[in-house]
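Reading through the structure tokens given below for one structure.
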Amino acid sequence: MTDFKALIEADTGQTARTIQILDAGNFEDWLKGQPDSIRAIAAAYQFVGKPDTFLLLPLVGTKSNDKSVAGDFSVVAGVPDHEKLDPWSLAKLGSGLPEGKYRLHETSAKGSLFGWLISQHEFDRYKQLPDRQGPSVLLVKDAIAQRDEAVRQAQATAMVRDMVNTPAADMGPDKIETLVDKLSEKHGGEVKVTRGDTLEEHFPMIHGVGKAAMRAHAPRLIELKWGKADHPKIAIVGKGVTFDTGGLSMKSPAGMLLMKKDMGGAAHALALASLVMEAKLPVHLHLLIPAVENAIDGSALRPGDILNSRKGLTVEITNTDAEGRLVLGDALTLAGEEEPELIIDFATLTGAARVALGPDLPAMFCDDPEMADGLLQAGEQESDPLWQMPLWSGYDAMLNSPIADCVNSASGSFAGCITAALFLKKFAPDSVPWAHFDTFAWRPVAKPGRPIGGEALGLRASWRFLQGRYGQ
């Protein structure tokens, strides 16, 4: 894991290179104040202060003992708004600048440290990468509080990315259980695991989905509890399908290619739980991860089968590739039995959400207007956008079954992410505010600080919401 703490230091006047932040509004004024040689360099490299661009400039007319500009070059960098940096404003710099120490010139780093940190993280478990230069360190005044929060967010984001990027052979249900154990040991939590055939009586939907992989990758429900019993209870639930063949409703080879990421909901849930515990948020946390592999053998769930559920509802299986909502249903029922103040779940649930919103916007469903507004505002504040989709009861009839209480997947292609959320709503408690994130957990196109691969989407928004609600 990247040592994020080492990438930010308190600014005590030590020697460092200077970064001048520019945008479309102040680029021309800056350029007019430069000597001819600097203007010529900017013209040669066609640097005009566009966001996510930067230029290394030789020092001109500076004194060697001027620590604000000491070094062999300075940096000019383009951002969307030089007066208000966002979490991604410095990401291009963090990953692209040569090794050394830097400070921002006449600009506060507030709100931008996360991107500086996460841009210097790489997933290198399986590939020998070229020797990376040493770290780029940012000097920040009043660094400690800003650094601690940015480091927590970077660590949690890196956790999601690394878990999702790891192939299923090395990220099965047992490996997720090990990660939960390690987190619990670090923070003093308690872990309970219900696995294998013992699931069948109390968590029949989790058992039904995972039984085909029983011998190699036994299904399990992993629970972690942390915090004082008299603190407000919250529950975080994550879909942990460590590989999804689609079951007997088998995916195509192309559709199966990225299914190592189908445990992305579990990665988000575990990362959010880690943020809660790292920050010692005054809550009583209940983390629930149903971890299964949706495999194929003679015991695999069949279309037409009927499953019971922990809640007592019977479910006719119309599509074995709609398995994530089944394992989440049992976990949500258990979460509600503890009577928490709120429940948040994460799942890579439907392709329909991606058709509607693309890869960058998690579909957020919420049955409580106040909670929904808080999450949306938090997403804006953290530049971790969400889009609220409707839990429209008019589509409930699409889940009707002639022989069971409901089907697990509506026929046809209409409103796929909405009907999936409505299915989950049947198992979420009516009296507890509940938010469901249908997230992609993957980035198909690279952006500064955001490489192709596993991605945390909705994580920082959820954390900001919890901080605002329960922070001291």
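Each residue takes its place number in the sequence, starting with 1. Note: hydrogens, waters and symmetry copies are ignored here, and every other heavy atom, side chains too, is used.
- Side chains of Glu278 and Gln155: no donor on one and acceptor on the other come within 3.5 Å.
- Look at Arg450 and Asp360 and you find no salt bridge, because none of the NZ, NE, NH1 or NH2 atoms lies under 4.0 Å from a carboxylate O.
- A heavy-atom distance below 4.5 Å is not found between the side chains of Tyr470 and Val276.
- Contact check for Leu399 versus Lys426: side-chain heavy atoms found under the 4.5 Å cut-off.
- For Ser112 (side chain) and Ala109 (main-chain N/O), a donor-acceptor pair under 3.5 Å exists by modelled atom type.
- Checked for salt-bridge contact, Lys251 and Asp321 meet the test: a charged N lies under 4.0 Å from a carboxylate O.
- Defined by atom type and a distance below 3.5 Å, a donor-acceptor pair is missing between the side-chain atoms of Asp181 and Ser184.
- Side-chain contact, Asp330 with Ser309: no donor N or O sits under 3.5 Å from an acceptor N or O.
- In this structure a side-chain-to-backbone donor-acceptor pair under 3.5 Å is present from Asn408 to Ala322.
- Annotation: side chain of Val79 is not in contact with side chain of Phe54 (no heavy-atom distance under 4.5 Å).
- By the 6.0 Å contact criterion, CD on Glu370 is open, its count of non-hydrogen atoms from other residues, nucleotides or ligands being 12 or less.
- Remark: side-chain polar atoms of Asp438 are paired, donor with acceptor, to backbone N or O of Leu349 under 3.5 angstrom.
- In this structure, Phe365 and Leu422 have side chains that are not in contact, with every pair of non-hydrogen atoms separated by 4.5 Å or more.
- Smallest separation of non-hydrogen atoms from Lys211 and Leu301: CE-N, 4.3 Å.
- Between Arg152 and Glu149 there is a salt bridge, with a side-chain nitrogen of the basic residue lying less than 4.0 Å from a carboxylate oxygen of the acidic one.
- A salt bridge links Lys239 with Glu323: the closest approach of a Lys/Arg side-chain nitrogen to an acidic carboxylate oxygen falls below 4.0 angstrom.
- Under the 3.5 Å distance criterion, the side-chain polar atoms of Lys233 are matched with a main-chain donor or acceptor of Glu338.
- Taking CD1 of Ile236 as the start and CZ of Phe346 as the end, the distance is 7.0 Å to the nearest 0.5 Å.
- Between the side chains of His207 and Asp197, at least one donor N or O lies within less than 3.5 Å of an accepting N or O.
- Residue Met256 places its CE atom among more than 12 non-hydrogen atoms of other residues, nucleotides or ligands, all under 6.0 Å distant.
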